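One-based numbering along the sequence shown. None of the values given here were measured: they were computed from a predicted structure.
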Amino acid sequence: MLTLIRRWLAHYDAWCERMGFVPENRRCCAPVRYDEDDDRHPAQRAARARACQSVKKDTSGAADR
């Protein structure tokens with residue numbers, strides 16, 4: 001039974017890809033939940049933005065000297 005479900009799920013996933021129903025083509029405003037270790041998670045994005053801002057501040061301060 002588990003094999004049948006896996007086969008059906010693989011068939012469904014392939015159909016979704018053929019139809020263009022992949023996350024990259026999502027055009028809906030519905031919220032999406034991401035795992036915390038995923039780069040797309042809001043906390044991960046915020047951490048990257050803070051890191052980029054601090055690097056920009058460090059380099060801009062060095063240019064003024």
- Task: Give, for atom CZ of Arg18 and atom CG of Asp13, the distance between the pair rounded to the nearest 0.5 Å.
- Result: 11.0 Å
- Give a yes or no on whether Leu4 and Leu9 share a hydrophobic cluster (residues Ile, Leu, Val, Met, Phe, Trp, Tyr; joining criterion: side-chain heavy atoms under 4.5 Å apart). no
- Kindly work out whether a path of hydrophobic side-chain contacts (I/L/V/M/F/W/Y, heavy atoms less than 4.5 Å apart) joins Tyr12 to Met19. yes
